[in-house]
Amino acid sequence: LDRDLSAAAERPAAASASSSASPIPHRQPRHLRRRHAQLSRSTMTTRGAEELSMSPPSGSGMAGVADVKRMRRESFGPWGSPCKKILYYCPQMKDLAHAVAAHAQGDMTITLGDISWKRFPDGFPNVFVEGAESIRGKHVAFLASFNNPETIFEQISVIYSLPKMFIASFTLILPFFPTGTAERVEREG
């Protein structure tokens, strides 16, 4: 790179101005091109956020990043207050969930969410989150219980599906985590 730059500096300016063909641009190594593309994307995004929010450009790049994050959050719709939570629970934790909702203090409000824990005729679980469209942008928690191996996979399906519903935050509350057994195979078979 230094050799190419020094060769370009030694070339007379008149010769480059008189030639109609543009000089061949130097191709950067791949890792530098990727980094340059990342930097240009981030500055374009920051610049776009500053123009849209009509705020004067700030001296530090961190404020622009904060504006971009704020605009992304607001693009998903109205975001709920962190003091207002929606608590979903498994059937084994119904009593504890009601007790937690009743003991919310101050400006903290906890609304209990409904999940339909049914089974298909063949015995497979039919789990349905009621009011899934209304939790978008809200702060959601799930009170789980892994004390029974038969219900773990039903609850894991809810744990995977809730964050995919464009919620603001997800908190998993697992009061008791059972220990796993460490069975070793002494003889294959």
Side-chain angles (χ1 to χ4, degrees), residues 34 37-38 41-42 44-46 48-49 52-53 62-189:
R34 278 193 213 135
Q38 290 171 350
R41 275 196 301 261
S42 67
M44 285 180 3
T45 309
T46 305
L52 289 175
S53 65
M62 295 305 292
V65 172
D67 290 340
V68 170
K69 288 181 179 179
R70 179 185 52 79
M71 290 184 62
R72 282 187 193 145
R73 281 196 312 267
E74 291 173 357
S75 70
F76 283 115
W79 288 74
S81 166
C83 295
K84 297 178 182 179
K85 300 251 184 214
I86 300 174
L87 178 64
Y88 289 98
Y89 55 91
C90 66
Q92 296 89 349
M93 293 291 184
K94 182 176 182 177
D95 296 333
L96 182 59
H98 285 280
V100 167
H103 289 346
Q105 297 177 356
D107 40 331
M108 173 69 82
T109 58
I110 297 175
T111 308
L112 295 177
D114 292 327
I115 297 178
S116 172
W117 300 89
K118 296 180 182 176
R119 294 205 169 266
F120 287 111
D122 61 354
F124 276 89
N126 181 11
V127 181
F128 186 77
V129 178
E130 303 288 340
E133 62 279 348
S134 66
I135 67 170
R136 183 176 178 148
K138 304 289 192 291
H139 299 275
V140 176
F142 180 67
L143 183 58
S145 172
F146 286 176
N147 65 345
N148 186 358
E150 297 167 355
T151 61
I152 288 176
F153 290 106
E154 296 173 4
Q155 295 176 49
I156 286 178
S157 67
V158 173
I159 291 168
Y160 281 145
S161 65
L162 283 174
K164 293 179 183 178
M165 295 180 184
F166 299 107
I167 59 178
S169 69
F170 178 70
T171 305
L172 175 64
I173 304 167
L174 190 60
F176 171 73
F177 188 75
T179 58
T181 58
E183 296 153 350
R184 291 173 183 81
V185 177
E186 293 178 10
R187 193 179 81 184
E188 289 186 26

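Since the structure is predicted, the reported quantities are computational estimates derived from the model, not experimental observations.
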Minimum side-chain heavy-atom gap Thr109-Lys84 below 4.5 Å: yes
Spatial distance of atom SG (Cys90) from atom CG (Asn147) [nearest 0.5 Å]: 7.5 Å
Side chain to side chain contact (heavy atoms under 4.5 Å, CB included) evaluation trace for Gln155 with Met93: CA-CA 12 Å; Gln155 295 176 49; Met93 293 291 184; over 6 Å; no
Single hit among Thr171, Leu162, Val129 for side-chain contact (heavy atoms from CB on, under 4.5 Å) with Phe142: Leu162
From Thr151 atom OG1 to Gln92 atom CD, the distance as rounded to the nearest 0.5 Å: 4.5 Å
Phe128 vs Lys118, side chain to side chain contact (heavy atoms under 4.5 Å, CB included): CA-CA, chis, key distance, verdict: CA-CA 8 Å; Phe128 186 77; Lys118 296 180 182 176; over 6 Å; no
Full working for side chain to side chain contact (heavy atoms under 4.5 Å, CB included) between Leu87 and Ile173: CA-CA 10 Å; Leu87 178 64; Ile173 304 167; 4.3 Å; yes
CG-OH distance between Asp114 and Tyr89, expressed to the nearest 0.5 angstrom: 6.0 Å
Side-chain touch Phe146/Ile156, heavy atoms, less than 4.5 angstrom: yes
Atom of Ala132, atom of Met165 and distance for their closest heavy-atom approach: CB-SD, 3.7 Å
Contact summary for Pro175 and Leu96, nearest pair of heavy atoms: CG-CD2, 4.2 Å
Separation of Leu112 CG from Leu143 CG (nearest 0.5 Å): 10.0 Å
Test side chain to side chain contact (heavy atoms under 4.5 Å, CB included) applied to Lys85 and Met108, step by step: CA-CA 8 Å; Lys85 300 251 184 214; Met108 173 69 82; 4.2 Å; yes
Interatomic spacing from CZ in Phe153 to OH in Tyr160 - rounded to 0.5 Å: 9.5 Å
